[in-house]
There are 2 protein chains.
Amino acid sequence: MAQSGENNQIERIAQATAHALGRRGYYGTTLQQIADAVGLTKPGLLHYVGNKQGLMQLTLEWYDSSVKVSIVLAQYRTREQDPHAIYSMPSALRGIVQFNALRPDHVRMFSILNAEAISAESPFHEYFQNRDRTLVRDFLNYRWKAPEGTDLAAVLSTAFNAMDGVQIRWLHDPRHTDLNALWRQTERTIFPLPQWEPYM
Amino acid sequence: MAQSGENNQIERIAQATAHALGRRGYYGTTLQQIADAVGLTKPGLLHYVGNKQGLMQLTLEWYDSSVKVSIVLAQYRTREQDPHAIYSMPSALRGIVQFNALRPDHVRMFSILNAEAISAESPFHEYFQNRDRTLVRDFLNYRWKAPEGTDLAAVLSTAFNAMDGVQIRWLHDPRHTDLNALWRQTERTIFPLPQWEPYM
DNA sequence: GTCTATACAAAGATAGAC
DNA sequence: GTCTATCTTTGTATAGAC
């Protein structure tokens, strides 16, 4: 994909906004901060985004496209690209965590917006409600290998909930914490051995 | 404990602040909102709290004291008050969840501040860092019954992480979601039967 | 496409009267 | 203990020049 000069500018804006949102959330993020970060004045920035709402939408769209890359990557890590392939759930989740460990800025933004979205006033309220409804469902569309009698929906749901919690703990003190190590500990509880041994 | 008129006023302030924090977080919460909620002007409110930082401290202390009530209650629900008693971990966690289901305002506040505390600029950064360091440790001081070979720290840690995630999902759509039901699903994954059957 | 200038509201906070 | 009045800074946003 060739990138025009304007798209590049928009990507810089989105990136700066994601960073700011991860530090102070929606209400603590100001147009001035973003304008400074990308070397524009406030009206200069508003030329691109219209208003604060537009800035959020732009950033969310950009984030969504980057998330898709993450999912592709996670699949790649399972080394199976065939749509009829049978996947290892622990391995896929490990792939997501590994990817997230490399982009703390995204995870920071996601964690804060996810919490702010509790309130119906949040511009992200519907976005995260929708995510809650679809995340587990989407993953259930793949064919997973698992021990007999496993409640796949329950396991996936618990895993994603625990992942959100683990990521926040990691980011509270990223210098003394290793996301991948934290997840390995979580994994041992959610996918206990020896039952999951053949499916890791 | 007898309550003077001033303490009562302070409690009203703390309660209004907790509610506001749960809606818009630290940066979205203003002195004006709190002043309106308790029927004061901004300077009237500042007479009690000094500045915004003081308002936060006041609220956090009030919240902490209410959390202690929660722990007492959770123990009570296990029907064992003897310090040498042996506790059921699923049952204790269920008690906490049951209690939280009755105070969505507190959980909302906690969830948002916990996420905002990712940033070192947050007035709550150290508070939540400290909580992360001590929460599991404190619970390990009790005597828990569990299957042979269980990694109690890993299980507790995963349970609390999942609980944070579950609570946010619940609050995203509390009308169509039941926290206790969500937790029962999580519980079945973290404490799988039949191994945990005798310890529920 | 980006700026200066500007409008207007609201933020946190203080002085000082009652 | 609570108010009015006020200060200063910062927020989102627009008009209009270049």
Take atom CG of B:Asn51 and atom P of C:dA15, then tell me their distance rounded to the nearest Å. 14 Å
Within this structure, what is the CD-to-C1' distance between B:Gln53 and C:dA13, rounded to whole angstrom? 14 Å
Working to the nearest 0.5 angstrom, can you tell me the gap between B:Phe99 CZ and B:His106 NE2? 8.0 Å
Would you mind reading off the distance between A:Asp36 atom CG and C:dC3 atom P, rounded to a whole angstrom? 11 Å
With distance as the sole criterion, is a donor-acceptor pair present between the side chains of B:Glu126 and B:Asn130 under 3.5 Å? no
Does B:Arg169 come within less than 4.0 Å of A:Asp164, counting only side-chain N to carboxylate O? yes
Please give, in whole Å, the distance from D:dG1 P to B:Tyr48 OH? 6 Å
Using the ring centroid of each side chain, check whether B:Phe124 and B:Phe110 are separated by less than 6.0 Å. no
Rounded to the Å, how far apart are B:Leu55 CG and C:dA11 P? 14 Å
Starting the side chain at C-beta, find the nucleotide from D:dT2, C:dA11, C:dT2 nearest to B:Leu40. D:dT2
Once you round it to whole Å, what is the distance between P of C:dG12 and OH of B:Tyr26? 8 Å
Going by atom types alone, do A:Arg12 and A:Gln15 pair a side-chain donor with an acceptor below 3.5 Å? no
Figure out the NZ/C1' separation between A:Lys52 and D:dT14, and round it to whole Å. 18 Å
Tell me whether the side-chain N/O atoms of B:Gln33 come closer than 4.0 Å to OP1 or OP2 in C:dA10. no
Integer-rounded Å distance: D:dT2 P and B:Lys42 NZ: 18 Å
Nucleotide of C:dC3, C:dA13, D:dA13 approaching B:Leu46 most closely (side-chain heavy atoms): C:dA13
Comparing A:Pro43 and A:Gln32 on DNA chain D - which has the more 5′ nearest nucleotide: A:Gln32
Within less than 4.0 Å of OP1 or OP2 of D:dT2, is there a side-chain N or O belonging to B:Thr41? no
Would you indicate which nucleotide in D:dT12, C:dG12, C:dC3 comes nearest to any side-chain atom of B:Leu31? C:dG12
